[in-house]
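Please read the structure below before turning to the comments.
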Amino acid sequence: MASQYQVRADHDARTIVVYQAYAPAVADPALRAGRFVEPFSFHRMTWIKPSFMWLMHRSNWARKPGQERVLAVRMTREGWEEALSRAVLTTADPAAVAQAAVHVQWDPERSPRGTALNHYSIQVGIGRHLIRTFNDDWIVSLTDLTPQVRKAASLLQTGQAAKARRLFPAERVYPLPPALEDRLSRGGPAAPHATAPHGTVGRRLKGR
């Protein structure tokens, strides 16, 4: 894949880490259970993001209402790649997007200050018909990163960017199988990437 569209993530031989942000009412019971449980909604798409920095931009460093708790969701690489194999880019034909079990879009990666960078971060929407599989079969563990996020945000605010960066998870290029690279870069038979308003590649869909 072109370097602008590489998947970058914290991963090991068996798992990959993605990030989500929720209100305490959702995060606390999930952390106790090690899986998502009510009041987490199993009836709507849930978005997972392997870019820590993009979620910091999205949640305003865990300060946005309803996104005060940042969770690291460690899931199996098998599950991650299964989701991607069923994905349709949000730039594809609307009928194909509506029927897809998984949605993918690429958004500009962000710096710690929120500046848009010249490469992209993948966002993956797990549809409601696949959420139970994601939750029950693919999730390995949930970790609360909120204290780490708040400390990093405080360091950035006081001009200590170097110290803040030491708290960021290490992310590197994820080695996708060639078939998935092709699917994510061109969407298979669908149209290639197109730049949407505000630099988002794909239509912005609701979700965290």
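No hydrogens, no waters, no symmetry mates; every other heavy atom, side chains included, goes into these values. This one's a predicted model, so the numbers in the text were calculated from it and none came from an experiment.
- Under the salt bridge (charged side-chain N to carboxylate O under 4.0 Å, His left out) criterion, the residue pairs touching residues 60-78 are Asp12-Arg74, Asp28-Arg69, Arg69-Asp144, with sequence neighbours excluded.
- When all heavy atoms of Ala164 and Ala152 are compared, the closest pair comes out as CB-O, 3.7 Å.
- Residues Phe40 and Val140 do not share a hydrophobic cluster, clusters being chains of Ile/Leu/Val/Met/Phe/Trp/Tyr side chains in contact below 4.5 Å.
- Side-chain atoms of Gln148 and Thr146 include no donor-acceptor pair closer than 3.5 Å.
- Pro177 places none of its side-chain heavy atoms less than 4.5 Å from the side chain of Ser85.
- Taking NE2 from His57 and OG from Ser111, the interatomic distance works out to 9.5 Å, rounded to the nearest 0.5 Å.
- Linking ILVMFWY residues whenever their side-chain heavy atoms come closer than 4.5 Å, directly or via other members, places Leu180 and Tyr174 in the same cluster.
- When atom types are taken as modelled, the side chain of Arg35 and the backbone of Asn135 share a donor-acceptor pair closer than 3.5 angstrom.
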Does the pair Ile131 and Phe36 meet the rule for a side-chain contact (heavy atoms from CB on, under 4.5 Å), with working shown?
CA-CA 10 Å; Ile131 289 178; Phe36 290 106; over 6 Å; no
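- Between the side chain of Thr158 and the backbone N or O of Ser154, at least one donor-acceptor pair lies under 3.5 Å.
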Evaluate the criterion side-chain contact (heavy atoms from CB on, under 4.5 Å) for residue pair Ile139 and Phe134; output intermediate values, then yes/no.
CA-CA 6 Å; Ile139 290 178; Phe134 164 67; 3.9 Å; yes
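- With His11 contributing its side chain and Ala9 its backbone, the two residues share a donor-acceptor pair below 3.5 Å.
- For the pair Val97 and Ala92, the tightest heavy-atom approach, listed with the atom from each and the gap, is CG2-O, 3.9 Å.
- Between the side chain of Gln20 and the backbone N or O of Trp47 there is at least one donor-acceptor pair closer than 3.5 Å.
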Go through the steps to decide whether Arg8 and Arg172 satisfy the test side-chain contact (heavy atoms from CB on, under 4.5 Å), and finish with yes or no.
CA-CA 5 Å; Arg8 295 174 176 86; Arg172 63 192 193 282; over 6 Å; no
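- Using a 4.5 Å cut-off on side-chain heavy atoms (C-beta onward), Val7 and Val173 make no contact.
- In this structure, the side chains of Val73 and Ile48 stay at 4.5 Å or more apart for every pair of heavy atoms.
- No hydrogens or angles considered: nothing links the side chains of Gln105 and Tyr120 as a donor-acceptor pair under 3.5 Å.
- Here the side chains of Leu130 and Val102 are in contact, with some heavy-atom distance below 4.5 Å.
- For the atom pair NE2 of His103 and CD1 of Ile126, the computed distance is 10.5 Å after rounding to the nearest 0.5 Å.
- Neither Leu167 nor Met53 shares a network with the other; the hydrophobic side chains, linked directly or stepwise wherever heavy atoms of I, L, V, M, F, W or Y lie under 4.5 Å apart, form separate groups for each.
- Here the CD-OG1 distance, from Glu81 to Thr76, works out to 9.0 Å after rounding to the nearest 0.5 Å.
- Taking all atoms of both residues into account, the shortest heavy-atom contact from Tyr19 to Ser51 is CD1-C, 3.9 Å.
- At a threshold of 4.5 Å between non-hydrogen side-chain atoms, the residues Trp138 and Thr133 count as touching.
- The distance from the CD1 atom of Ile122 to the CH2 atom of Trp106 is 4.0 Å, given to the nearest 0.5 Å.
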side-chain contact (heavy atoms from CB on, under 4.5 Å) between Asp10 and Ile16, intermediate numbers included
CA-CA 6 Å; Asp10 176 4; Ile16 180 173; over 6 Å; no
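- Considering every non-hydrogen atom in both Ala62 and Val149, the closest pair reads CB-CG1, 4.0 Å.
- Both the sub-6.0 Å distance and the 45° axial angle are satisfied by Arg132 relative to the ring of Phe42.
- By the 30° and 60° cut-offs, the orientation of the rings of Phe52 relative to Phe168 is tilted.
- Side-chain contact between Val18 and Val124 is absent, with no heavy-atom pair separated by less than 4.5 Å.
- Across all their heavy atoms, Val104 and Ala87 have their closest contact at CG2-CB, 3.5 Å.
- Panel note: side chain Gln6, backbone Gln4; no donor-acceptor pair is recorded below 3.5 Å.
- Taking the side chain as every heavy atom from C-beta outward, Thr143 and Leu71 never approach each other to under 4.5 Å.
- Thr46 and Tyr22 share a donor-acceptor pair across their side chains, judged by distance under 3.5 Å alone.
- Rounded to the nearest 0.5 angstrom, Arg113 CZ and Met56 CE are separated by 15.0 Å.
- A distance of 9.5 Å separates CD of Glu109 from CH2 of Trp54, quoted to the nearest 0.5 Å.
- Nearest heavy-atom pair, His119 versus Ser3, reported as atom, atom and distance to 0.1 Å: CB-O, 4.3 Å.
- At a threshold of 4.5 Å between non-hydrogen side-chain atoms, the residues Leu117 and Arg110 do not count as touching.
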